[in-house]
Amino acid sequence: MQISPRSDYPIRVRPRGWDEDPAVARFYDGIFDVTLNNTVTITFVPERGPRSSALNRANLPADLDSIGSSDEARLEAVLFADRAVTPDADRAGTAEPLQIPVWRDGPDAVPGTVFYISRDEFAAVVKDLEALTAEHGDLYSDSPVSSLRGHPAVDFVQRLLSDPAFGEQDLQSLRDPD
């Protein structure tokens with residue numbers, strides 16, 4: 001189902017490192033959270049290294065407070081995202097569901113989704129996210145999405161919302177009430 005063009009929810013763009021402990025914040029460089037309507041977060045995660053492990057929780061430290069590398073931070077960011085976007089040349093244009101984390105387990109639990117895009121598209125989106133951060137990175141940002149249309153990152157997010165793999169529950173929170 002399409003998001004109504006009348007929907008004018010607020011949007012916030014924050015580098016993940018701003019919200020992490022200073023001791024590990026550098027590992028989160030390049031990761032951005034885009035929050036729509038204060039409820040739906042899409043996490044943009046750079047490509048992990050060539051020897052990176054599969055998308056599997058077992059490949060992270062048991063204590064997530066002991067993340068010790070950019071690859072671990074990126075894996076954590078993807079695995080625990082509601083919606084993640086990451087570059088992958090071989091899987092660009094596809095999406096896959098993620099395992100439901102234990103704390104979300106229950107009858108209404110919905111798995112997260114990772115969306116794969118090309119490296120070039122990811123680079124353009126992240127460049128725009130970096131630029132948007134200065135004005136729209138505040139925790140209480142209430143910039144309406146209509147004021148940001150035309151930005152590559154915002155236009156990408158708008159297209160992503162029409163992907164069948166995007167969660168209906170999330171889409172519902174972005175619709176204007178009838």
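Listed by chain and residue number, Asp88 satisfy the side chain to side chain contact (heavy atoms under 4.5 Å, CB included) test with Asp90 (two or more places apart in sequence, or in another chain). Considering only residues two or more places apart in sequence or on other chains, Asn38 meets the side chain to side chain contact (heavy atoms under 4.5 Å, CB included) condition with Pro10, Arg12. Shown here are the side chain to side chain contact (heavy atoms under 4.5 Å, CB included) partners of Thr86, two or more places apart in sequence or in another chain: Val45, Val114, Tyr116. Taking Tyr28 as the reference, Glu76 meet the side-chain hydrogen bond (donor to acceptor under 3.5 Å, both in side chains) condition, with sequence neighbours excluded. Among residues two or more places apart in sequence or in another chain, the side-chain hydrogen bond (donor to acceptor under 3.5 Å, both in side chains) test is passed with Ser69 by none. Legend: residues meeting side-chain hydrogen bond (donor to acceptor under 3.5 Å, both in side chains) with Ser70, ordered by chain and number and at least two apart, are absent. With sequence neighbours left out, the side-chain hydrogen bond (donor to acceptor under 3.5 Å, both in side chains) criterion links Arg26 to no other residue.
Annotation for Ala73 and Phe27: closest pair CB-O, 3.3 Å, computed over non-hydrogen atoms. Taking each heavy atom of Leu36 and Ile42 in turn, the nearest pair found is CD1-CD1, 4.2 Å. Across all their heavy atoms, Ser118 and Ala92 have their closest contact at N-CB, 3.6 Å. Closest of all the heavy-atom pairs between Val78 and Leu98 is O-CD1, 3.2 Å.
Between atom OG of residue Ser143 and atom OH of residue Tyr9 there is a gap of 13.0 Å, rounded to the nearest 0.5 Å. We find the CZ-CZ distance between Phe156 and Phe115 to be 8.0 Å, quoted to the nearest 0.5 Å. A distance of 8.5 Å separates CD1 in Ile11 from OG in Ser147, rounded to the nearest 0.5 Å.
Residues in residues 150-163 take part in these salt bridge (charged side-chain N to carboxylate O under 4.0 Å, His left out) pairs, two or more places apart or across chains: Glu121-Arg159.
At a threshold of 4.0 Å, the pair Asp33-Arg14 does not count as salt-bridged, since none of the basic side-chain nitrogens sits closer than that to a carboxylate oxygen.
When each of Arg74, Glu20, Glu72 is checked for a side-chain contact (heavy atoms from CB on, under 4.5 Å) with Ile67, only Glu72 meets the rule.
Counting only distance, with no hydrogens or angles, the side chain of Asn37 and the backbone of Thr39 share no donor-acceptor pair below 3.5 Å.
Counting heavy atoms from C-beta outward, Val157 and Phe44 have side chains that approach closer than 4.5 Å. Residues Val40 and Thr35 form no side-chain contact, since every pair of their non-hydrogen atoms from C-beta on lies 4.5 Å or further apart.
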Please list every donor-acceptor pair under 3.5 Å in which a side-chain atom of residues 122-134 meets a protein atom from a residue at least two apart or in another chain.
from: Asp128; atom 1: OD1; to: His151; atom 2: ND1; distance (Å): 3.1
from: Asp128; atom 1: OD2; to: Ala153; atom 2: N; distance (Å): 2.9
from: Thr133; atom 1: OG1; to: Leu129; atom 2: O; distance (Å): 2.8

